[in-house]
Amino acid sequence: MIPSRGTVTFAGQRSVAVIPQDRHLEGLVLNFTIAENAVLGRQHRPGVQRGVLLDYARARSDARAIVERFDVRAASIDVKVRTLSGGNQQKLVVGRALIDKPRFVLAYNPTRGIDVGATALVQSRLVEARNSGAAILLISFDLDEILALADRILVMYRGKIAGSFDRANVDRATIGRLMAGSQE
Amino acid sequence: MKRFASFISGPLGAIVLIIVLMSIAMLIAGTSPIDGFTALILGSLGGRNQIGETLVATSALLFPALGICLAFRAGLFNIGAEGQLLVGGLFAGAVGAAITMPPFPAIVIMLVLGAVGGGLWGAIAGWMKAKLHANEIISTLMLNFVAQFITLYLVDGPLKNPAANGAETAWLPTNYWLPTLIPHTRLSIGLLIALALAMLLQFVFARTVFGYELRAAGEAPEAARRSGVNLSRLTWLALAISGAFAGLGGATIVTGELHRFNTQLSPGYGFIAIAVALVGDLDPLKVCVASFAFGILEAGGLAMQASAQVPKDAIHVIEGLIILVLAARRYVAQRSERIEGAANV
Amino acid sequence: MTGLILTLLWLTLVKSTPIIYAALGGVISERSGVINIGLEGMMAAGAFGAVVASNYVGHGIAGAMIGLLAGIASGALIGYVLAFAATKFKVDQIVAGMGINLICSGGAAYGLVLIFNQPGASRQVNSLGNNGESALIGFAFLLAIVLHWVLYRTPWGLRVRATGENPLAVKSAGLDPLRFRLVAVILSGALAGLGGAFLSIGELNLYSDGMTAGRGFIALAAVIFGRWTPLGAMGAAMVFGLFEALQYALEGRFAWLPADALSALPYIAALVALAGITGKVRAPASDGVPY
């Protein structure tokens, strides 16, 4: 991920898996195939980059793995991502972020604007990643999603953290009040 | 209307369109199209010399077209190939006239410096774009004129061959000439260099990380930037390499066919190469085929002018029309993506 | 010395005028959201059309006046071609503009052979004369003021600018953004044609191949340097005109100054201006984006 200023590190490492907010503008090259998009942002990783070359066989096998595990519905991994539905595009983006088994994932509105089935799949894969040890920072405007997925919840208001809770110790009304800016 | 547009912008449609337009141009000039096309074909493919001239033009167009292809794929409009060609040719001609060494290293040095010269000229626009966000279209256009006048000044002044009447550098010694490819024609092995370059470019696009990042930046700059592509580095590098291709082309014309540098090196190859790159779909291998097709037009056009009284400039009108029609296909997806982005908000 | 300065001033006015006309055309086109790289070709069309009409009509100043109108019409016609391609076919405007430039320069060269039976340059025709030249110079400055007023003070100007910023908003206001683009680009062609006619029958009395010499491209730089406003573009065009004038004013007087290198001055000035200004200015948001 490239922040607009400064650097983002996790446990001393620069590489952070990101599920961006706007998949069209930030996460996918629509005129690239599924296989090509499967290595977008990963093109310098060892195993993907070999010397000056990009290992397209690796891109294809990664693409196949993502398509299978994330149920991306497409005629083949050689179709342009432009032809996929929004839900399938998002499953590809999420699958790509999780394929390297990252220790930290930044997920920004990962289910915005996609259908129910895709939403359920994306959410369950995020939970699986959590269960296998990844730290996931979920940024979402969807309160239901947060309440369903999060272990710990931070509420931000005007750029400041307004409250911090364990999921078990907080209810919707409290979060709603803090989101609206009221003091505790 | 849509189906018509997609047919016209396909390769077959382009050929049909060219034939129709050329027939009209011939009729206006008072020549029957049959005579005109006969002159064109005979003049470009009718014999060893004619084929040689066609391939000379093919080679001269292929270098800048490949450079334009690379820049356009990166989403950068390099319209400065004409100037880059001139600067590359000047470097090669000036150095070749000045050095004394065995022929092989001399020729290599001329070609390399030609690429360096064109590359520097492209890098100016690249640097302006990457560091100052100056529109590369206008800077490359301006650099064409600057190159034209500066090279003219140099070969009419400091670098002028005192023995020549016109503005040109001294002739290269004959052992500095690129070997001839087809005996008894002007065609040099520059054509082979161009073809090798096309294959190299295809390989770079299809197999390398640099090619992958370049294509990603051209298709979706914001997604590329977020994915770790250094856009500013890629911008100046792409324009520099694009210029180097054209500059190498200028150098092969100098060592291969002209054997000295003068500013009549190119009758607009750098501009026609834009049409070549577009007709070739910005695909290096198809660009080779397109260069040959335009080579036929260039060489045959001269013959047509002589025998069928159709001015060669009519060819440029047709090439312009082809560009105009092909523009209906969107080459730089960045623009369309911006619209789609806007529509989705 | 005063002689040199007066010469330089007059030459600056003369050399600025065609660039001002083309740059005003560039401003109006880009303000509507169409980048007009074809300005160069439209100038050539205007210059050539003016000479052809003046040649056929003859009759002194009347012929030249009709030539002037023909020049404007030729530019507008080519402007229509780009406008049609840009609005109906949603072409890539840069690529289409380059195509138009080739068509116009090649077409004029072809026309020289067909009409005047000679390559390179037309025969001499009736020109507008010194008074006509002066009037067109004055008119360029007047037009810049008028266009500035139109763009910033009239509803039509507001709508054109809105089309260049956000055509969807214009659409949702119940207006057709494509109509504004069509009209703006045709007008742009007419202005470039006028600039071209000034070159051929205002400043001179013939058309010669390559006589526009990149002034249409310099005008594009003037549009940016002038921050996409008519008065700004006029000022920028005068700066570039000054550099062109410098070349003419200096080359005769100082033999040691290399004429060819001096010819590069206006283009270098445009490059430097472009490098200095960009990043500090903002193009219309939808400039160059097909709608």
Side-chain angles (χ1 to χ4, degrees), chain B residues 1 5 25 28-30 77 79 124 128 132-135 137-139 141-154 156-157 167 268 271-272 274-275 278 309-332 335-336 338-339 342-343, chain C residues 35 37 40-41 81-82 85 88-114 119 166 168 209 213-214 217-218 220-221 224 258-268 270-271 274-279 283 286 288-291:
Chain B
M1 199 67 158
I28 292 176
F77 282 105
I79 311 188
I124 297 175
M128 286 177 66
L132 307 168
H133 305 287
N135 184 317
I137 301 165
I138 298 176
S139 61
L141 278 169
M142 290 300 130
L143 285 164
N144 282 336
F145 290 97
V146 177
Q148 187 191 320
F149 288 115
I150 301 281
T151 53
L152 180 61
Y153 158 68
L154 287 174
D156 203 12
F271 294 112
I272 300 160
I274 298 172
L278 295 179
Q309 278 85 48
V310 179
K312 184 170 180 294
D313 307 291
I315 299 273
H316 289 270
V317 179
I318 288 152
E319 285 163 348
L321 282 166
I322 293 167
I323 294 184
L324 190 60
V325 169
L326 287 174
R329 288 192 282 180
R330 295 216 192 100
Y331 287 97
V332 181
R335 293 157 192 281
S336 53
R338 265 164 68 192
I339 313 160
Chain C
I35 297 179
I37 294 278
E40 176 78 5
V81 173
L82 179 65
K88 288 284 184 290
F89 283 100
K90 328 273 184 223
V91 297
D92 191 299
Q93 296 164 5
I94 307 300
V95 173
M98 286 310 292
I100 280 178
N101 290 336
L102 261 182
I103 293 169
C104 293
S105 63
Y110 183 28
L112 282 179
V113 178
L114 290 183
N166 187 349
L168 284 173
D209 270 340
F217 301 138
I218 289 185
L220 285 170
I224 296 175
D260 296 325
L262 281 177
S263 308
L265 267 182
Y267 310 99
I268 295 174
L271 266 178
L274 194 66
I277 192 85
T278 42
S286 298
V289 185
Y291 170 75

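Lettering follows sequence order; numbering is per chain, from 1. Excluded from the calculations below are hydrogen atoms, water molecules and symmetry mates; all remaining heavy atoms, backbone and side chain alike, are included.
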Quiz item: How many angstroms lie between atom CG of Leu271(C) and atom CG of Leu143(B), to the nearest 0.5 angstrom?
Solution: 4.5 Å
Quiz item: Could you state the interatomic distance from CD1 (Ile103(C)) to NE2 (His316(B)), rounded to the nearest 0.5 Å?
Solution: 13.0 Å
With a 4.5 Å cut-off on side-chain heavy atoms, are [Y] and [X] touching?
X	Y	value
Leu141(B)	Glu40(C)	no
Val91(C)	Leu324(B)	no
Met142(B)	Ile268(C)	no
Ile274(B)	Leu102(C)	no

Quiz item: Which is it for Leu262(C) and Tyr153(B) under the side-chain contact (heavy atoms from CB on, under 4.5 Å) test, yes or no, and what are the steps along the way?
Solution: CA-CA 9 Å; Leu262(C) 281 177; Tyr153(B) 158 68; over 6 Å; no
Practice problem: Return the orientation label for the Phe145(B) and Tyr267(C) ring planes: parallel under 30°, perpendicular over 60°, tilted otherwise. | Solution: parallel
Self-check item: Leu220(C) portion near chain B, given a 4.5 angstrom heavy-atom threshold
Solution: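 Leu220(C) touches chain B through backbone and side-chain heavy atoms alike.
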Self-check item: Ile37(C) versus chain B, the contacting section by heavy-atom distance below 4.5 Å
Solution: side chain
Which atom of [X] lies closest to which atom of [Y], heavy atoms considered:
X	Y	result
Asp92(C)	Phe77(B)	OD1-CZ, 3.5 Å
Gly107(C)	Val317(B)	N-CG2, 3.2 Å
Leu274(C)	Asn135(B)	CD2-O, 3.8 Å

Side chain from CB out, backbone as N, CA, C, O: work out which of these in [X] comes under 4.5 Å of a heavy atom of chain C, or both, or neither.
X	result
Ile79(B)	side chain
Leu152(B)	both
Leu321(B)	both

Quiz item: Of all of Gly97(C), Ala108(C), Ala213(C), Gly111(C), which one pairs up most often with chain B through heavy atoms under 4.5 Å apart?
Solution: Ala213(C)
